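Basis for what follows: all heavy atoms, side chains included, without hydrogens, waters or symmetry-related copies. Here the structure is a predicted model, which means the values were calculated and not measured.
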Amino acid sequence: MQYGYSGSMIKDKKLFKFLLITFISGFLCQGLFLYYKNSLFLIIAMWTPAIGLLGLGEEAKDVIKNLRVFSFKYMALTPIVALTPYILSQLSFYMLDLGAWNSESFVLSPDFSRIAEVKKIGLMLGTGEQSYSFLALNLFITILIGTIPTTIMATLGEEIGWRGYLQDTLTTKYGFLKGTLLVGLIWAYWHIPANLGGVNGAENVFLTTFITFPLIIIFMSFALGWFKIKSNSIWVCAVLHGINNTVSGIYLIRPSNPKTGEYIEMIFSILVGLTFIVITILQNKKSSKQHRQGQ
């Protein structure tokens, strides 16, 4: 009994050490980015959750070993999950007349039948004249390919720490729902310096920092946590995270009111997260029923 208690204490100390290193180094790098306006500091900041593994011994080794695991089955689902809030938000801006076509980036032909030119955004299949359907394909391929450098340079560093170590640690300690909620809260408020500096929304800094962004991140955590448990792959989570980051700055329909746009994006992110909460509950019930029947 005493051995189990001691083991738990050691794990708690390692968890505290991980959070301390991750937050101090993360806040420092985010602050340096805001001061010097050098994106290199932001990239380093996104690797501080991985840096937080330093000194954790066997737990760190287990996380590194996990990087050998790929799951193409679940990887194929990541674009659907990552793009759903984005697509639904864009449709809402259009159908509810809450925004206007982004003519600065997507110049329309005089008769509005085609895209005349794409500006300010590099697209894999070209930026010249193209149909709306070709633009959709062009954007999709660009987002997927653009996710590769985003994942390797940035989101992999976050996911090594958040899903590779923290998700498994807190899920083991508190269960999936409570553990994932804690991961989401920690992940969300780790972004405080960058968010106060306007990195994820300069129009409503305090609203973004303390309400909308944390809610988006918390519910996104349930999708990422579900993928981590089902696939046992950090890469799957890094790609999903990478697609989300890649698409975040692309607007076909730009919301007229940034605050309203932020609320709508938050609502759809919450709905996606709730979907994975429901899926988890149903899967747990099914598993419990099968276990009872097996007895």
Side-chain angles (χ1 to χ4, degrees), residues 39 70-156 158-159 200-201 216 219-220 223-224 226-227 230-231 233 235-256 258 260-262 264-273 275-276:
S39 59
F70 289 84
S71 175
F72 294 105
K73 171 185 173 182
Y74 288 99
M75 194 79 75
L77 296 174
T78 57
I80 299 171
V81 176
L83 293 175
T84 293
Y86 169 78
I87 292 171
L88 292 176
S89 297
Q90 289 287 286
L91 287 173
S92 296
F93 298 155
Y94 173 73
M95 296 175 70
L96 300 176
D97 198 24
L98 295 173
W101 183 263
N102 182 8
S103 56
E104 291 183 7
S105 298
F106 302 96
V107 182
L108 298 175
S109 63
D111 61 356
F112 305 109
S113 64
R114 301 172 64 80
I115 303 295
E117 185 183 4
V118 178
K119 297 181 178 180
K120 301 180 181 180
I121 299 174
L123 298 179
M124 296 303 300
L125 303 182
T127 57
E129 185 176 354
Q130 52 199 279
S131 65
Y132 291 112
S133 58
F134 187 83
L135 174 65
L137 175 64
N138 202 352
L139 282 170
F140 183 71
I141 291 174
T142 300
I143 290 166
L144 291 186
I145 295 177
T147 296
I148 296 172
T150 302
T151 297
I152 294 172
M153 288 195 305
T155 58
L156 178 62
E158 283 200 56
E159 293 307 318
N200 288 304
I216 289 170
F219 281 93
M220 184 180 174
L224 286 163
W226 184 89
F227 272 99
K230 290 295 180 182
S231 69
S233 173
W235 286 101
V236 170
C237 300
V239 168
L240 197 160
H241 188 169
I243 294 173
N244 181 77
N245 284 11
T246 302
V247 77
S248 62
I250 301 175
Y251 285 100
L252 289 170
I253 308 293
R254 190 178 293 279
S256 304
T260 303
E262 200 168 342
I264 288 176
E265 290 171 4
M266 179 190 73
I267 288 169
F268 286 121
S269 295
I270 289 173
L271 289 175
V272 169
T275 300
F276 281 93

Taken to the nearest 0.5 Å, the spacing of Ser89 OG from Ile267 CD1 works out to 9.0 Å
Stepwise, does the side-chain contact (heavy atoms from CB on, under 4.5 Å) test hold for Val118 with Leu135? CA-CA 9 Å; Val118 178; Leu135 174 65; 4.3 Å; yes
Would you say that more than 12 heavy atoms from the other residues, nucleotides or ligands in this model lie under 6.0 Å from the CE of Met124, or not? no
Grab the two heavy atoms, one from Ser71 and one from Ser231, that are nearest each other, plus how far apart they are. CB-CB, 3.8 Å
Listed partners of Ser131 passing side-chain hydrogen bond (donor to acceptor under 3.5 Å, both in side chains), at least two apart: Ser133
Determine yes or no for a side-chain-to-main-chain donor-acceptor pair under 3.5 angstrom, with Thr151 supplying the side chain and Gly242 the backbone. no
Verify, without hydrogens or angle tests, whether Tyr251 (side chain) and Ser105 (backbone) share a donor-acceptor contact under 3.5 angstrom. no
Under 3.5 Å: donor-acceptor pair, side chain of Ser113, backbone of Ser109: no
With sequence neighbours left out, what residues match Asp97 under side-chain hydrogen bond (donor to acceptor under 3.5 Å, both in side chains)? none
Which pair of non-hydrogen atoms, one from Ser256 and one from Ala100, has the smallest distance, and what is that distance? OG-N, 4.3 Å
Test side-chain contact (heavy atoms from CB on, under 4.5 Å) on Leu108 and Tyr132; report intermediate values, then the result. CA-CA 10 Å; Leu108 298 175; Tyr132 291 112; 3.4 Å; yes
With Gln90, which of Leu252, Ile264, Ile250, Leu83 fulfils side chain to side chain contact (heavy atoms under 4.5 Å, CB included)? Leu252
Option among Thr142, Ile143, Thr147 that satisfies the side chain to side chain contact (heavy atoms under 4.5 Å, CB included) test with Val247: Ile143
Side-chain (Trp235) to main-chain (Met75) donor-acceptor, under 3.5 angstrom: no
For Ile141 against Leu125, the heavy-atom pair lying closest together: CD1-CD1, 3.7 Å
With no hydrogens and no angle check, is any side-chain donor or acceptor of Gln130 less than 3.5 Å from a backbone partner on Ile115? no
One pair to check against side-chain contact (heavy atoms from CB on, under 4.5 Å): Glu159 and Leu240. What are the steps and the verdict? CA-CA 10 Å; Glu159 293 307 318; Leu240 197 160; over 6 Å; no
Side-chain contact, heavy-atom cut-off 4.5 Å: Pro79 with Leu144? yes
Taking the side chain from Thr127 and the backbone from Leu123, do they hold a donor-acceptor pair closer than 3.5 Å? no
If the plane angle is over 60° it's perpendicular, under 30° parallel, otherwise tilted; pick one for Phe276 and Phe227. tilted
